[in-house]
Each structure stands twice: as structure tokens, then as C-alpha cells.
Amino acid sequence: MEYDFRQIEQKWRKRWADNKTYKVTEDLNKPKFYALDMFPYPSGAGLHVGHPLGYIACDIIARYKRHEGYNVLHPMGYDSFGLPAEQYAIQTGQHPSVTTSVNIDGGIDENGNIKPGGLDKDGNVVPGYRKQLDLLGFSYDWDREVRTSNPDYYKWTQWIFALIYNSWFNRDTNKAENISTLIKKFEENGNQNVNAVCDDDWFAQLPKEKFFFGKDWQGDFTATDWTSMNEEQQQLLLMHFRMAYLADSWVNWCPALGTVLANDEVKDGKSERGGHPVEQKLMRQWSMRISAYSERLIQGLDTIDWPENIKEVQRNWIGRSEGAKVEFTIENKKSKIEVFTTRPDTIFGVSFMTLAPEHELVLQIATPEYRAAVEQYIAGAKLKTERDRQADVKNVSGQFTGAYCIHPFTDEKIPVWIGEYVLIGYGTGAVMAVPAGDQRDWDFATKFNLPIPNIFEGVDISEKAETSKEAVLANSDFLNGLAYKAATKKIIAAVEEKGIGQGKVNYRMRDAVFSRQRYWGEPFPVYYTVGASKNEIPYLCDDNDLPIVLPEVDKYLPTESGEPPLARAKDWVYSPHPQPLSRGEGGVDPWNQWQTANKEIWGKLKERARDMRKNPTETEDIIWQHVRNSQLGFKVRRQHPFKEFILDFVCLDKMLVIEIDGAHHMNDEQRVLDDARDLYLGFFGFKTLRFSNEQVLLDTHEVLTIIKTELEKRPSLKESAEGTPLSSGEGQGVRRMEYNTMPGWAGSSWYFLRYMDAHNDNAFAAREKVDYWNQVDLYMGGAEHATGHLLYSRFWTKILFDHGYIGFDEPFKKMINQGMILGRSSFVYRLSTYCFQFNLKVGLVILPSKLPEIFVTKEIHEAIENEVLSNGTRMSISSLLHELAKPILEENTNWIFTTVFDEKMDYENIPNPTTTNIHADISMVDNDVLDEEAFKASREEYANAVFIRNDEGKYICGWEIEKMSKSKYNVQTPDELVEKFGADTLRMYEMFLGPVEQSKPWDTKGINGVHNFLRRFWRLSHDADNNFVVSDAEPTKAELKTLHTAIKKVTEDLNRYSWNTVVSTLMICVNELTEQKCSKRQIIEPLCILLSPYAPHIAEELWEKLGNTTSITDAKWPAFNEAFLEVSSFDYPVSFNGKTRFFLPLGVELSQEEVTKAVLADEQTAKFLEGKAPKKIIVVPKRIVNVVV
RNA sequence: GCCCGGGUGGUGGAACUGGUAGACACGCAGGACUUAAAAUCCUGUGGCUGUAAAGCUGUACGGGUUCGAUUCCCGUCCCGGGUACCA
């Protein structure tokens, strides 16, 4: 093969990995560029061609920037906590860490053996994300890989949680501050001058019996009040100010599934999955006070270069609206109703008030005669989920409370109603209803015959409300004659003067619930002191004790009493390192269980370990001489089997493993396996120290010191087991851990920071590294995270910024969203054999031993569907089926064809035939033609399938564009295409498909064109016998022009992130060079660099063949020279009244006047002037000439 | 309903600040090479009229601004995405 891409790509994959070509270190002498992809969740399904689209685009920019001389940070990792692994664990009992590791690292170990859990549901070996990614030639620095489920990583997620927990939001400084500054304020002045973002009604939520304040206390306290509170009271109070806080929230609880469901997982009061009933349950949940940042999150959008639609979605989500808060006093009552309105100017049109059914005042104000009706209404509303209420928007419902409040300006009595259309979660949960100016109020008023006073000048409100802001007010006292803007200003001033309200900005965004009743997520670094107090107050674990590692549990399900899975870790209590082992039922160590269950393997392992002890390596011996009991005072074992591993050294009491890594550890795959092992052992509480042979030989002393220090630092298992409060029976002060875990978005909210310093054990990242890499310069990913990840990471960034840990408060400077690549599904149409059989009985019977599956064409499928749908004409279908039977019978001569008449047949009720469309695996379909043999072999029941073919004897499949998914059998994996065409071709083709932002169906039709381009490029420097031939001759002007045109356009297009047009440009360049028969070094070499971001393997290969000894990755981007593009003449299109008529080559140096003269002098001009005189001649130099006649 | 995108050949798409519409590729048609096929190469390819030269027409539709509009403005239709008793 001339262009042997398989050999080339394999060679460079290895070379890049061996040489660590893409490793990057901080270098203050170079400008930096941070190119980041949204890291994937490693699902078992693996990658399809849609996933790499963004990765390829980002990789191209990363490589380009590196050519441009930037120090480029381009990392990759995995968002590895999440639901699918947990669900799989529930079904199979397999630990999610195993599933996760298999999904990332692949289902086969280094010896080619299938790992536990290495097969997917269909029994195929899981290829693993890493291998799939490696195939595509990305320039990732894998040394910086992060996995959110790795304890080394989530240690810092927990640390950030603790930071947020210890924060409050100071409105005066407009930022988050340490809670200590708030405490100081309390100590000095009580809450007199505290301007904090907190729960509005925090004082109402405090348990009254624990506080000395009276019933009508409105939340003010003095320094003395504060200092006289005990620890518990102070903590309870502070909780309402913390940025991460614990509060009772209403959640969707599904007992059958044993979990809380998000709102979108609930449909019609039942779970979307399984249809189990869902009830509203008040649960103590962690929340994040993201609402404190509403304003800054909106403002920040103006400082970042993001797609406008994402910004818009975030703006809408935050939902800023300006208006006013106004109080209405209730007749004969002390309490007031507070409303928020964006139209305070319409206050003279208020004819009633509406409260949300959940509003706390409702039961207080309802008069006795209406009380029963009100209670009934509330009960009805409670039964409905929020979704239901939204579903029947059209059914206006409401109930009068019997109470009235007083209009603050007119002193009129206004009836107070309750209505479902008012939501408790927005504003104050109460509305001043202005039916003239709001459609919902209008509908409500109309339904319940409430007055609709007109407050607009010359507007008819008999049919609908007047909602425009242009309408001029009337019947509005001092606002008459004004429109929205002026009136609002005036009314807010009046309201403030009366002391009944003030102008206010309201936000739609709620605080984010932060806890989940799941197993596979970050544990909270939080414990409760059980027994000491009825009110469980959370306490933070000490930073030194992080990470709080996930405990082992017997099942990944909630407990029967509804507690989260972590509650199954029976003795899970907070104590210093190491985490106490969780023991299975009956107090048996999990690994002892394993040993009993796997006797045979266990025996072999022990044997093997014995053998290994007999043949120690040199380095093992060095360590052994020093760590054995006599030397250190700790019992250390050598080559000790533990579960399915043999540990080099282990001190069981201190749960410390020491591993000596041979050269094989440098091998990426081995390292990944080792890491997985460390992680796994981590679940049992073990810590692993790793040293290389070189380290042991060269820095023996240091290595031993590390081991010694670690052994001394770690508390003894014996001691901690004895010291466990639970083991001494019940009692005061048992510190049990928080059983909830963090949501999926916790780990992904800050991962971009960890890449900067991925292995730092002392900080989430060193400040100087964060300062160097700074913001992400290009962030690629899907738009579906607009209100999730992209909002939360902005939020966490702002908190870290406020606390001075990082120097920027927006994480992603520029973002581009890649579109989705859709699949093209193929369909076959199966005729329902029952009806086939039945119908055929009318005229004929086919009698094979077993009736085969019959697949009809799309046309017949549609004909049957339509016929049945239109009038159910049976005659025509019978004849259709008759026709169908013919070819089948011709093909299957052993079938008997007879005519029978069945007397029992109910001719009136012959069922209509039906067809079902079934997804056919696209690997069995080529150009819509079904590979019948492959299809028959795919399933047992299809073995004798019969097909209705077209004239050419082919079965043509139908098709549809759908989302790519395994269940639709339309997944195209990159692996197959890399094997067939090479990674370079696939990379270029995915870019060539169109703008990355656009969604488009996947279609391999054009891939040949791109592949041919690379082959033509290869042939530029190779002769017919595939010998490498380049000449050192000086390039011609034409060749230089071709090259520099490409340099200019490629550079420009990459700078404006126009990936697809670059491919065209490169094609044009190669096409021209082919025509020029150019194989000159001075042209080919720079062209290789231009191509290298897109097709790194082939570029690198030719680069090497050209005699370069260093990687093309570091080659300098070719400089563009304007001089080569200069032309002496330009072919002016001459148009008359805008219509191009002919072309006229003229010197580019000519002035406008000279061009005009030349055009007029040309004989063709005369022809198109038709004797008339030109009115005007427009000349755009080097562009166009337009003659106006 | 509201907000944001988008409508260009048979197909994916290009045309960057108004300046030759359809680059580049796929597909299709014809041809060369070949026993044949594949591969490769050449030619043509928006529509209509025409043997041709050429002409007309053409960027969802209708109008406007302009010497000139796919591009800017107004209105209409269609498609996609987001979002909703948010007061």
C-alpha cells in the first residue's frame, strides 16, 4: 500500500507515548494556552463517532497553538462518579469502582485476560475509553489525568465543600467571606449591621423551644444575646447563613425505587422509570446558596466569550426581574401580606390578592365560614405534583379565604384568595392581582366574577388584559397620564415614603439541592454527634482527615427505613485516619469472605507469594532489610496475598502498602492498572506508597524515611478499633458520618483547576500554577450543561476567587458548543406472521415446519399501514399478500402450496395484517442494502427469514435520523473507521462535515474524499514505487503563491475557529501542488506543519522522512509572506446595473479613474451600454466594477 | 405563548466587515486505462431556453434600503433548540 496509515499511526502512537511528547510543564517564559474538553462520563457503551467531534476540534487548536509557540495545557480525565455505574452495581453487585475502571481502562488486562466485569451486557469485551481515545491521536498530557471518583481527587472536592460550608455571603462586600467574620460581627454587635444573604425567614425556622426569644421575635439579636447562646444554639443559627447549609426541603421520594427523584424524573405523580408512585417528603437536605451570586452570575456573562444562546439560557434561568416589594395589611389582623410585583405602577388596578395554597398565612387568616373550603382546597393542591399543576394551566382554580386586606393608597377592602397559579417558590408566594394588566389575574377574575377595574387610558380590556408597558395609566390617582417607566419610579418613591415596601430585584433561581441518597458519589466530610442532642448538628471533619473515603457496603440500595446506601456501612463513624473498616454482616472482614469464597484462587495466590518470597529482587531486599520488625517496630509482611493481589510489603496494623515498581510501571497501561489497584485497596482503608527501583537504589535513605514517617503517622488499626465509640455500646457523642453523598456536579465544578496541578497532595492546586494557567482559553463541550455544570462551575470559581485561592472569577473565557452527531438508523419491516398465516388461509396455505419471519419492503410496510389506517380494505391486502407469497414460494420449493377452506373461519373478522419496523444493525447494511446472511445469523429466529426484494434482488432497508444509541443499532464507533481509513482521515472528515457547532447526521459517504486527499498529499513526496522523493530545488512563484495562500487562509480560519474551511483550503493547496507536480522540500515541509494539527500521524511521518529529528509538534508555524501573493493584474468583473457581464484584466496599481477609463475604452462596454451614456461608474479596487446605466 | 438559532444545488456545506453565489467534497453522467472489476485519471454537473454562442432565472416567501443584498431593515411562512401560570 502506498500510504500505509495503519503502520504509520501505530508507529507514532507508540513513539509519542514513549517520548511523552505531549507532557507539559509550567514555563513562565512562554505564553500559555489552556484548551479544555468537557470530560466524559465513562459509560459502558464506549465512544461513538459523535463524542470525539469536540475533542478533535479542541485538539486541533491545542496543536496549532503549540506550533504558534504557546505552552499549551491540554488535559483529559473522567467524570467517574455517577448513576449508571451505581445502577449496574445494584443489578450485579459489582463494585462501581470496578465498573468504572473497566469502562475507562478496558475489559482486558495486560496479559489478554478478561478482567472481572470486563464484558458488557451482550458479552462483548469493553474496549475502554482510554484505548479508544488513544487511537485518535490526541495531544493530551495524560500525566495530568483526573478521575472524580479517585480519593486523591475527591479529597479536594470535600475540602472545597468545607470551604463553602465555612462561608457566608456579605452583601456589603458583595462576596463570600469566611464564617469567622460573621461570628465576629455577631460577637461585636449582634446582627445589627449584618447585611448577609440568608434564608429570609431564618428566625421563623429556628426551633423555638431551644431559644429564649419570644413568639413574635423578628430576628434581631444583640452581642449579648449571641454570647449567651450555647454552642448548639449558635450553630443552629449560623446554619441559616452558611453558603452550604442543611435545611428541610420538600423532595420527590419514591419508596419503590428507594430514592429521591429530580423533578424531571417524575411524570404524573409517578416515577418515569417503572411508573411507581412518588410522594412529597420533607427531608433534611444539603443546599448550596448559589442564589447569593445571582447578580454576579448575570454580570459575569458580559465578560466571557460564550455562545449567545447559552448566555441567554443562563440569564433566563437566573431570571432577574426588577420591581417592588409591597406590604398589604390584613383587615383586623396584625400580619401583613407581602407581595413582589414587576408592575407596581398598576397598583390602583388591584381588585383582589392571591396567595399560594402553601402560603403560611393562609390558615391564619381564613375566616371560620371559609375554613373548611380552604382546607379542602389546600389538600387538593397538595396531592398534585408541581408538574401536575403546571400541566393543567388552563383550568383556573381558586378559593376565597373570607379575609380582606386594605389597599395602602385607596383604603379599599380587597378580598384575599388562594390560587394554584401562584407558586410558593417564586417571589413571596403572594400576588397583588391586577386583572386589567395581567392575563392570569384577568382569567382568574373572569372565572370568579371579580371586578376588573380599567386603569388604562383608551384601552379595551373586556376581552383580555393589557400587558404592554406603553399603555398610559388612568383611574390611578397621582399616576394618571403616566406610562410604565415614569409611573414605576413615582410609585416606588411613594411606597418607600409610606414605609410599606421598596424597589426590589427578584431572581427566579433557587438554591441548589446538594445531597443525594446515592452510593457512588463523594461522601460529605461531615459527621453528626449522635445521642448528645436530638437536633443533629453537622460538624466538619478535620482537613487532615480528608479524604473521607467511601465505605464498603453489602448492597448499593437504601436501607429499609429509607436511609441512603451509606447507612449500610454499619460502624461508619468519624475517627482519625485510617477510616475504620466497614465489616459485612456478622462482623466478618470482607476479604476473609472473599478468601473463603475463592478457595482455589486463594490457594494458588498463597503458593505464588511463597515462591516470590524465595526470590527477592535487589530492591526488595534493601527495603526488607530495613523494615522488618526489628528495625522499625512495626510488623511488616513481604509478598503478602490480599484478596486477588500480592502486595510487595504490607503493614496490616497500619494499613500501609509499599510497592516497588519495576520498569513496567512506566508503561501507561500497567500504571493505570496499578492506580486502579491502589484505588481499590483504598476502599478498604489501605494507603499505598510506590517507589521505583531507581528511587530505592539511588535515594535509599529518603525512601526509608518516607516509609517510616508514614508508618508512624498512621494510627494503629487496633487502637482505632478499640477506640471506636460505637464499639463501647451506645452512649454520648458517637460521631456518625453523613450518609448522603454529593451530586454529580460536585466533582465537575472544579476539575479544570486540578489539571493545573493534578498530583498536589497539599492543595487542590498550587497558587502559582493556577496563576500561570489561569482561565480556560478554549472550552469545548455540549450545550446541554447550560444550567447545570456551566452554572455551578462558575459559582464555585467565584467562591474560590472570593476566598483568594484563585485569581479569576470566571472559569471559561471562551466556549464553543459542538453539535450532536446523529445516527442514521436502518429498518427492516417484519410482517406479523400470525396475520400472514391467518390471511393466507383464505386462499392458500404455506406449510413449512415452522413459519419463517417475513420481511417486507418499506413500500409494502407503508401500504399496509396506510390501507389499514384509511379504510381497512381487506380485499386489497389479501391480494397484496398473495403477491407476496409468490416469490417466497418460488424460492422455497419444499414448501407445500395448497388451497383450503376453513369452515370455522370467521370471515367477518379477519384481522388486518400489520408490520413492525425493527432496527437493523448498521454494520449489516451497506448503502441501505441489507446483508441478508449476516442478518439471518444475528438472531436465531431470523435464521430462516424470507425477504421481499427489489428488482435487483436486494432487500432495501428504510432509514431514519435518530440519536445515536446502542439500542437503535445505529452506532458508528470511531475504532472501526480508524481501522478502515485511519485516525488522520477520521479527524479530518469529522471537521470537514461542517461547522462543529451544528448538529448533523453521521454519514460515511464523504469519508473517501478526505482519505483520497491524504493519499494525494502522500503522493506529492512519493513516486510510483512509493519511494520518498523530494527535491531541494527553489520553488517557483506559482508554488510559493499556492503555499502562502494556504498559510494565510489556514491561519485566519483557525484563529476564528472555522475548522471545516481549513480542510477545504488544504485540499485546494494539495490539488494545485499536484497539478504543479511540486515535490519541493521548501513547499512540502511547511505544508506538513499546516496539516499537522488535523492529521498529526502522517505529518509527523513525512516530517521525519524530511530529515527532522524532533517531533513536528514543536515545529514553528510557517510565517505568511504577503509578497508571494502579490499579483500584477486583477481580473475585474465588470457589471452593468449589478449584473456581471464580462471580465477585464487590469493592473492592480491603476487608480479608480484609470480603471474607469480602461473599462469605458473596452469595446465590450459599448455593447452593453447599448448606446446610452453611463450615469455612474463604481470602482472597488481589486474587487469589482459596476457601471450604472 | 415567550426567548434564541436557522432556511443556499440531488447531498454535506462555502461566500469573513454588502462587491464574481454555489468554493471544497460527496453523488450522478460521460470518457480514458483494463480481458473484467477495483483503483486511478480526465470532462461535465443550480434551474429554464438553446446544437452552440448566449440569454433569462436563482440563496424559504413578499416588500424595502443600495450603484450592487445570501449578507442590512420590515412583514409572512416553515424547521430546530430552550423555556414557561416567574407576578
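Here is how names work: the chains are called A, B, and so on, in the same order as the sequence lines, proteins then strands, and each is numbered from 1.
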- Spell out protein contact along nucleotides 21-27 of chain B as letters: B when the base is contacted, S when just the sugar-phosphate is, - when no protein heavy atom is under 4.0 Å; keep the 5' to 3' order. --BBSS-
- Item | Close approaches to RNA chain B from residues 1179-1186 of chain A, in residue order (heavy atom, under 4.0 Å) | A:Val1180, A:Arg1183, A:Ile1184, A:Asn1186
- On RNA chain B, check which nucleotide each of A:Asp1131 and A:Lys1049 is closest to and give me the residue with the more 5' one. A:Lys1049
- Parallel, tilted or perpendicular for A:Phe1142 and A:Phe1136, by the 30°/60° rule? tilted
- Task: If the glycosidic angle is within 90 degrees of 0 it's syn, otherwise anti, so just tell me which one B:rG31 is.
- Result: anti
- Query: Is the ring centre of A:Tyr507 less than 6.0 Å from the ring centre of A:Trp317?
  - Reply: no
So which protein nitrogen or oxygen atoms get under 3.5 Å of nucleotides 54-59 of chain B's nitrogens or oxygens?
from, atom 1, to, atom 2, distance (Å)
B:rC56, OP2, A:Arg1141, NH1, 3.2

- Residue whose nearest RNA chain B nucleotide is more 5′ - A:Val1187 or A:Gln998: A:Gln998
- Which atom of A:Ile337 lies closest to which atom of A:Met353, heavy atoms considered: CG2-CE, 4.0 Å
- Is A:Phe1130 close to A:Leu1146 at the side-chain level, that is, under 4.5 Å between some pair of heavy atoms? no
- Close aromatic pair by centroid cut-off 6.0 Å: A:Phe444 and A:Phe352: yes
- Message: Can you list everything that forms a side chain to side chain contact (heavy atoms under 4.5 Å, CB included) with A:Met820? Sequence neighbours excluded, please.
- Response: A:Leu822, A:Lys963, A:Ser999
- Item | Ranges pairing with ranges for RNA chain B, where each run has three or more Watson-Crick or G-U pairs under 3.5 Å | B:1-7 with B:77-83, B:10-12 with B:24-26, B:27-32 with B:40-45, B:46-49 with B:54-57, B:60-64 with B:72-76
- N/O (side chain, A:Arg440) to phosphate O (OP1/OP2, B:rG1) under 4.0 Å: no
- Query: Among all residues two or more places apart in sequence or in another chain, which pass the side chain to side chain contact (heavy atoms under 4.5 Å, CB included) test with A:Asp438?
  - Reply: A:Arg440, A:Asp441
- Query: Looking at the side chain of A:Val1188, which of B:rC67, B:rC3, B:rC16 is the nearest nucleotide?
  - Reply: B:rC67
- Task: Taking only the side-chain heavy atoms of A:Asn1060 (C-beta and beyond), determine which of B:rA87, B:rC67, B:rA14 contains the nearest atom.
- Result: B:rA14
- Message: Quick check on the 6.0 Å ring-centre criterion: do A:Tyr1132 and A:Phe1143 meet it?
- Response: no
